[in-house]
Amino acid sequence: MSDLEEPFDAEALEAARILFQRKAEFVMGAVAIAGLPDPDLPEVAFAGRSNVGKSSLINALVDRKRLARASNEPGRTREVNFFVLDDRIRLVDLPGYGFARASRDTVNKFQNLGRDYLRGRPNLTRAYLLIDARHGLKAVDAEALDAFDTAAVSYQIVLTKADKLKPADVAKVVEATLKAISRRPAAFPRVIATSSETGLGLPQLRAEIALACAVTA
Ligand code: GDP
């Protein structure tokens with residue numbers, strides 16, 4: 001495996017594993033930009049289409065079944081939700097986009113809150129855009145990519161539900177995704193394939209987050 005594919009050594013992976021086993025708590029859900037917590041800790045944010053597996057991924061990262069709530073619980077997924085890990089890193093769950101059921105007005109409101117958060121958050125170290133491995137990048141995701149590039153937020157793509165594809169097909173989607181983002185200025189040139197079911201890619205993602213936030217175990 002090349003350095004590009006596996007940038008973390010065993011020690012870094014183990015340190016990140018230990019970090020993510022520490023206390024993880026729900027802090028608050030914000031419905032307006034004025035209600036965000038003070039920007040006093042490094043934050044990583046997670047964005048993606050509704051149903052992409054965002055809650056499952058956050059829960060799997062911290063190995064807690066119900067920290068982030070499932071998408072079908074009303075209310076919560078329309079807020080920006082904050083979790084704190086080991087009192088040192090905040091994990092931020094941005095509103096899912098591409099709702100079929102919400103009215104256009106409501107959709108805009110949620111998306112604006114996500115966009116305002118991205119633009120105005122000095123302590124945001126990295127955003128993660130979650131993409132279903134079976135679908136790859138779609139037109140609906142372009143808006144999110146544009147929002148990241150406009151906000152000049154460093155972002156990385158995470159493929160979810162990789163267990164639903166054969167490994168060779170996952171590799172193809174990773175390649176295609178890297179190609180699609182190659183000209184995007186703020187895109188981080190590594191794509192991580194994950195599964196919340198099998199744990200694939202989670203050690204690497206934990207290590208990426210720890211590195212982005214400069215937090216060690
Ligand atoms: P959210 O709307 O993005 O928060 O999505 P959820 O985390 O609620 O997941 C949506 C659906 O996808 C649920 O039925 C999950 O069980 C399923 N799901 C999430 N992650 C995975 C995964 O890694 N593998 C598989 N096979 N299913 C998943």
Side-chain angles (χ1 to χ4, degrees), residues 17 20 24-31 43-85 90-103 106-111 113-115 117-118 126-145 147-148 155-174 177 191-209:
R17 186 187 69 79
F20 275 80
E25 291 174 313
F26 176 67
V27 181
M28 60 171 293
V31 290
E43 288 175 354
V44 291
F46 298 86
R49 295 186 72 165
S50 300
N51 218 38
V52 72
K54 193 152 50 68
S55 315
S56 303
L57 184 72
I58 294 172
N59 289 336
L61 279 173
V62 297
D63 201 13
R64 293 261 305 268
K65 287 212 164 49
R66 292 189 46 83
L67 183 68
R69 300 164 199 216
S71 55
N72 49 11
E73 282 190 35
R76 271 276 124 78
T77 53
R78 303 178 170 196
E79 304 173 343
V80 176
N81 287 308
F82 292 85
F83 308 92
V84 68
L85 173 65
R90 272 196 220 111
L91 307 176
V92 183
D93 187 359
L94 295 176
Y97 53 86
F99 298 107
R101 275 170 296 166
S103 73
T106 336
V107 168
N108 285 342
K109 210 162 118 202
F110 302 150
Q111 294 186 345
L113 179 57
R115 198 168 289 139
Y117 167 84
L118 291 174
R126 172 81 49 82
Y128 285 95
L129 179 62
L130 276 45
I131 300 292
D132 191 316
R134 293 169 298 175
H135 307 145
L137 277 174
K138 290 278 186 238
V140 66
D141 304 306
E143 219 179 303
L145 292 170
F148 291 140
Y155 63 93
Q156 185 167 14
I157 294 187
V158 168
L159 301 179
T160 60
K161 310 189 191 182
D163 58 283
K164 298 224 180 197
L165 290 181
K166 291 191 199 112
D169 291 332
V170 173
K172 280 185 201 150
V173 182
V174 168
T177 307
V191 168
I192 308 180
T194 67
S195 164
S196 303
E197 295 277 320
T198 66
L200 175 82
L202 299 184
Q204 287 75 17
L205 182 52
R206 291 184 188 114
E208 291 277 13
I209 293 171

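Bear in mind the structure is a predicted one, so any value in this text is a computation, not a measurement. Every number for a ligand or one of its atoms is a count from 1 in the order of the listing. Scope of the values below: all heavy atoms of this structure, side chains included, with no hydrogens, waters or symmetry mates.
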Inset, instruction - State the atoms of ligand 1, each with its element, that fall below the 4.0 Å cut-off from a heavy-atom position in Lys164. - result: 25 (C), 26 (N)
Inset, instruction - Just jot down the ligand 1 atoms closer than 4.0 angstrom to any heavy atom of Ser195, in number order. - result: 23 (O)
Legend entry - Any N/O pair Ser56/ligand 1 closer than 3.5 Å: yes
Legend entry - Those atoms of ligand 1 less than 4.0 Å from some heavy atom in Asp163: 22 (C), 23 (O), 24 (N), 25 (C), 26 (N)
Inset, instruction - State which residues pass salt bridge (Lys or Arg N to Asp or Glu O under 4.0 Å) with Asp169; sequence neighbours excluded, sorted by chain then number. - result: Lys172
Legend entry - CG-CG distance between Leu61 and Leu85, expressed to the nearest 0.5 angstrom: 9.5 Å
Legend entry - Atom pair OG1 (Thr160) and CD1 (Ile131), whose distance is rounded to the nearest 0.5 Å: 8.0 Å
Legend entry - Pick from Asn51, Asp132, Leu57, Thr160: the one approaching atom 11 (C) of ligand 1 most closely through a non-hydrogen atom: Asn51
Legend entry - Shortest non-hydrogen separation from Gly199 to Pro203 and the atoms involved: O-CD, 3.6 Å
Legend entry - Pairing of Asp132 and Arg49 as salt bridge, 4.0 angstrom limit: no
Inset, instruction - Determine, considering heavy atoms only, which of Lys161, Arg49, Lys54 sits nearest to atom 21 (C) of ligand 1. - result: Lys161
